[in-house]
Chemist: 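After the structure tokens below, expect a handful of questions from me.
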Amino acid sequence: MDKHYNAQETEKKWYAHWTEKGYFHSTPDERKAYSIVIPPPNVTGILHMGHMLNNTIQDVLTRRARLLGLNACWVPGTDHASIATEAKVVQLLREKGIKKSDISRQEFLKYAFEWKDKYGGIILDQLKMLGASCDWERTRFTMEPKLSEYVIKVFVDLYKKGLIYKGLRMINWDPEAKTALSNEEVQYHEEDSKLYKVRYKIAGTTDEWVTIATTRPETILGDTAIAVNPNDERYSGLKGKSVIVPIVNRTVPIIFDSYVEMEFGTGALKVTPAHDMNDNEIGVRHKLESIDIFNDNGTMSELAKFYVGMDRFEVRKQIVKDLKAQGHIVAIENYKNKVGRSERTGAVVEPRLKEQWFLKMEKLSAMALAAVEDGDVRFYPDHMINMYRNWLKPENVRDWCVSRQLWWGQQIPAFYTKDGKMAVAETVEEALSILNKDGGKYTAEDLKQDEDVIDTWFSSWLWPIAVFDGFENKEELRYYYPTNVLVTGWDIMFFWVARMIMAGYEWAPELLGEGHEAKPFNDVYFTGMVRDKFRRKMSKSLGNSPDAIELIQKYSADGVRFGMLSSAAAGNDIVFDAPFDDKSKKIINESKMCELGRNFTNKMWNALKLLKGWNITEEKPSAVNLLAMKWIEQKLNEQIAEANAGFESYRLSEVLMGLRSLIWDDFCSWYLEIIKPVYGQPIDRSTLDFTIGIFEKMMTLLHPFMPFITEELWANLRARATGDDCVVSRWPEAGNCDAKFLQAVEKMKVVVQNIRDVRAKNQLPEKEQLKMLVKDSESARDFLTEAGMTETIVKIGFLESLDISSEEADATSFLAGTEQYFLFFEKKVNIAEEIARIKKELEYFQGFVVSIGKKLENEKFVQNAKPEVVDAERKKLADSHEKIKLLQEELEKCLKAEG
RNA sequence: GGGUGAUUAGCUCAGCUGGUUCAGAGCAUCUCGCUUACACCGAGAGGGUCGGGGGUUCGAAUCCCUCAUCACCCACCA
């Protein structure tokens, strides 16, 4: 066997094996289902740290479910991500010299699908490298024909229910992608800008002015009023007057609205109803005209009359010059304000009035809120409910703008006639039958379908139903739905989590009938964000995620999984520790997190190597081995119970660290050292077999976290029949453990550690055999009569002998519990140092005795505390007195020796 | 303005229902060791009055209040 574990080859080998065996494929059967649907990554995506964390967690849960004997089904897939993908395809076409505007919708979609077929699967292949045990036969895509069909079906259904409507509303416009965005797709960040104070002449005067403050002087062209607060005495004289808008020379009224804050700026506000959410509301209240001064691409429109065709940011510069020239600029101040940008393109979002399709959210969001409030759907960590509640409060819910002015997506199933009639229907035929209901004679040629597509999230919210083809296959849906858990980042709680809950409650009851759960999942596990060294969230837009594949190649998938999980408590952000180059994504320095995982695989590999190297004898196991076996089995049991409890509450990192400690510390450092035969000697068969059994169980326990190394070791532990693989092994049952026995072993460790410490301090070779005595006492006899105990200490402490002695010995001593031990060797140690050490220890125990004494003298403590706590304190006190006595004796001896 | 979370060893973080398996892990540091599983290692050591201040309690890192600092979310921002 190689000295180092070869992860690269091994991981490839086992993934192929698992796939070939079909272990990840699930079909409904008599077992209980355990299902998870993947949060579908964008087809444009490549694997980043967030995906790795999120999918590793899903894999851990899925693999454990499989080991528990459940019918585990993890459904993978990708999201068509309209804006992101369309932007990418447009860019690629541009590089080929093709403009989107020059080709037809069909041609564009052809290019887009070609692109998707070529690159859309990359991220899924990367998930395989990570070890994801998805049922790849079930891979879905949100824009595949079936899923698109469901989207249309649902759209029409909601329209018929009166929840979808078309309306002229203020929406967020992305001038780069030339599409509407939902509120959630706009991200606000503070940016440096300027606050311009501009004076407008009062109509009918020669030199009377009103000064307003604005950050967007270019929108002056669309002003249709000036507003002041009705309580503002400075402006009370302006009632009924008008002002003249500079540049355009339009006369607009001065209106009074309490929305205006007197303290801000000059207390006077220019009103541009077409280009500001709040101005629009004021405009509605005061019946103001709204003038759309922008084109779709962010240049000035004909209606602006001036600067037509110029870009809005150019206009901003130019208009300030012109205003200055005409004497309208009163002041320009530096100012920080929040600017909304498109999540996908980064373009500054322009609020505009546009005709769009909307979904009424009142009823849906109320259902979604109740589901979580009532504990029907549980959140981990549970405080996430606060964020959720805040979002879904009725006063915070706005209708969802579901139309997008793009081609990549499901086209809105609305059909228009030339004479202005409209029908919403799943097919042209259906549309015609609606339109011709009253004797009309429209034919397919008369109809024109709405140009817009439906928001991507409108397909993702059906995901948990759609991937099981729930709209037509009730059996699958009944078996797998609701899914057990959703694992996702909290950043898409509103985009996606809330909406899936809405969709679940809206359609699952219709599809499954009463008596079946409506919720799409029982639990939601929110992962934290993965942050870089500077605490920035790792994201596509920042481009600050290291190359995931490079990480896997460097540390192995198991190593990376370990690294991610070991520091990821539910909901907590994790800081990725390896610095890497922002541009190349190459890792500059080591990731300690992942290194720890890689080292762990190597440790286990070598443990196996040790077992493999032993010769076997048919002799009976020694007392030492019997004790060790009894102990490791109980430690294993203890850990199984803890792992089970940890999984129950999604404390995955704790489970993993517990297993690591069991394997590395208990199994390798203690157990194997105890049973290890002296060089050249064989091991007895029953101990070896037992050890292999324990190793096997540990591999099953660790398998969900580190699937590859565990499978490899599993295969090498003993000869296997086909199909006897770790991935489909059985999760072990937790047996009993004897607390008193475990404590005795802990004491044994303390004794051994003391022996080692004495050796280290006296520069004694580790294996030089020493004589040791223990002072006779009831507890010493009790401790050492445990079968095999004395022999074990002798063996791993490298002692010549260990005997109970009724007499004080003149030798180096230490305490373990209340027993005093004496080690015999030629002393080189400095007596003064020894005295200092003893004094320090004495001081500690004396202080300890005082504090416990106080506690026990306190009647309230004795009365109120649980009896076992009080007993424990008494025991502590007695032990401490005993220790003090022993230490004092030792001290005296030293002092005497010193002379 | 409303809300959430964090603050524990030099660093990154665990610590669930208050009480010796409660002051922990890993890394880093120091000392010793290339001992025939493993230097991707082993043995040992040092290091924290658990952000400050109050309170509840017999008992608080853990519960309550308050202050401070940091992060984030929502709303507002002319």
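Residue numbers start from 1 in every chain, and the chains themselves are labelled A, B, ... in the order their sequence lines are given, proteins ahead of strands.
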Chemist: Please measure how far the C1' atom in B/C13 lies from the corresponding atom in B/U8, and state the result in whole Å.
Modeler: 9 Å
Chemist: For A/R398, does the CZ atom sit with more than 12 other heavy atoms under 6.0 Å from it, leaving out its own atoms?
Modeler: no
Chemist: Would you measure the distance from the P atom in B/G24 across to the matching atom in B/G3 and give it in whole Å?
Modeler: 38 Å
Chemist: May I have the distance from A/F562 (atom CZ) to B/G26 (atom C1'), rounded to whole angstrom?
Modeler: 9 Å
Chemist: Write down the distance separating the C1' atoms in B/A39 and B/G33, rounded off to the nearest Å.
Modeler: 10 Å
Chemist: According to the salt bridge (Lys or Arg N to Asp or Glu O under 4.0 Å) rule, which pairs have a member within residues 642-654 of chain A, sequence neighbours left out?
Modeler: A/R651-A/E654
Chemist: Heavy atoms, side chains only, cut-off 4.5 Å: are A/L611 and A/I683 in contact?
Modeler: no
Chemist: Find the distance between NZ (A/K635) and CD1 (A/I694) and round it off to the nearest 0.5 Å.
Modeler: 13.0 Å
Chemist: Measure the distance from CD on A/E395 to P on B/G2 and round it to the nearest whole Å.
Modeler: 15 Å
Chemist: For the side chain of A/N390, starting at C-beta, report the closest nucleotide among B/C76, B/U4, B/C74.
Modeler: B/C74
Chemist: In whole Å, what separates the P atom of B/A25 from that of B/G44?
Modeler: 13 Å
Chemist: My understanding is that only residues two or more places apart in sequence, or in another chain, count here; which of them pass side-chain contact (heavy atoms from CB on, under 4.5 Å) with A/K795?
Modeler: A/V624
Chemist: Taking B/C30 as the reference, what is the distance to B/A68 when you measure between their P atoms (whole Å, please)?
Modeler: 41 Å
Chemist: Touch check for A/I212, heavy atoms < 4.0 angstrom, all strands: base, sugar-phosphate only, or nothing?
Modeler: nothing
Chemist: Find the distance A/R389:CZ to B/C74:P and express it as a whole number of Å.
Modeler: 17 Å
Chemist: Compile the donor-acceptor pairs under 3.5 Å between side chains in residues 209-216 of chain A and protein atoms, sequence neighbours left out, one pair per line.
Modeler:
unit_1	atom_1	unit_2	atom_2	d
A/W209	NE1	A/D207	OD1	2.7
A/T214	OG1	A/R216	N	2.9
A/R216	NE	A/E218	OE2	3.2
A/R216	NH1	A/E350	OE2	2.7
A/R216	NH2	A/E218	OE2	3.1
A/R216	NH2	A/E350	OE1	3.0
A/R216	NH2	A/E350	OE2	2.9

Chemist: Taking a pair as Watson-Crick (N1 to N3 plus N6-O4 or O6-N4) or G-U wobble (N1-O2 and O6-N3), both under 3.5 Å, which stems of 3 or more consecutive pairs involve RNA chain B?
Modeler: B:1-7 with B:68-74, B:10-13 with B:24-27, B:29-33 with B:41-45, B:51-55 with B:63-67
Chemist: For A/V320, enumerate each residue passing the side-chain contact (heavy atoms from CB on, under 4.5 Å) test, keeping only those at least two apart in sequence or located in another chain.
Modeler: A/Y196, A/P217, A/I329, A/I332
Chemist: Considering all heavy atoms of both residues, which atom of A/G340 and which atom of A/V186 are nearest to each other, and what is their separation?
Modeler: CA-CG1, 3.8 Å
Chemist: Can you tell me how far P of B/G33 sits from CG of A/N762, to the nearest Å?
Modeler: 15 Å
Chemist: Contact class for A/R660 vs. all strands (heavy atom < 4.0 Å): base, sugar-phosphate, or nothing?
Modeler: sugar-phosphate
Chemist: Closest nucleotide of RNA chain B for A/E638 versus for A/M387: which of these residues is on the 5' side?
Modeler: A/E638
Chemist: Considering every strand and a 4.0 Å limit on heavy-atom distances, what is the contact class for A/L195: base, sugar-phosphate, or nothing?
Modeler: sugar-phosphate
Chemist: Quick one: A/E261 CD to B/G1 P, roughly how many Å, whole number?
Modeler: 12 Å
Chemist: Which nucleotide sits closest to the side chain of A/E654: B/A25, B/G15, B/C76?
Modeler: B/G15
Chemist: Taking the same atom, C1', in B/G2 and in B/U49, what whole-Å distance lies between them?
Modeler: 37 Å
Chemist: Looking for any heavy atom pair under 4.0 Å, which part of the strands does A/D279 touch: base, sugar-phosphate only, or nothing?
Modeler: nothing
Chemist: Check the distance between B/U4's C1' and A/F379's CZ and give it to me in whole angstrom.
Modeler: 14 Å
Chemist: Can you tell me, in whole Å, how much space there is between the C1' of B/G26 and that of B/G18?
Modeler: 28 Å
Chemist: Between B/A9 and B/A23, how far is it from one C1' atom to the other, in whole Å?
Modeler: 10 Å
Chemist: Under a 4.0 Å N-O cut-off, is there an ion pair linking A/D666 with A/K749?
Modeler: yes
Chemist: Need one value for A/V271: base, sugar-phosphate or nothing, where a base atom within 4.0 Å counts as base even if backbone is also close, heavy atoms only.
Modeler: nothing
Chemist: A/M564 has an atom CE; how far is it from atom P of B/C13, in whole Å?
Modeler: 13 Å
Chemist: A/Q639 CD to B/U21 C1': how many Å, rounded?
Modeler: 13 Å
Chemist: ring-ring contact (aromatic ring centres under 6.0 Å, His included), that's the test. Do A/F667 and A/F695 meet it? Break it down for me.
Modeler: CA-CA 9 Å; A/F667 185 74; A/F695 208 140; 5.3 Å; yes
Chemist: With syn defined as a glycosidic torsion within 90 degrees of 0 and anti otherwise, which applies to B/U21?
Modeler: syn
Chemist: Can you tell me how far CG of A/D257 sits from NE2 of A/H286, rounded to the nearest 0.5 angstrom?
Modeler: 3.5 Å
Chemist: What nucleotide among B/C73, B/U35, B/G26 has an atom nearest to a side-chain atom of A/L596?
Modeler: B/G26
Chemist: Using a 4.0 Å cut-off on protein heavy atoms (strictly under), produce a 5'-to-3' string for nucleotides 37-46 of chain B with B for base contact, S for backbone-only sugar-phosphate contact, and - for none.
Modeler: BBSBSSSS--
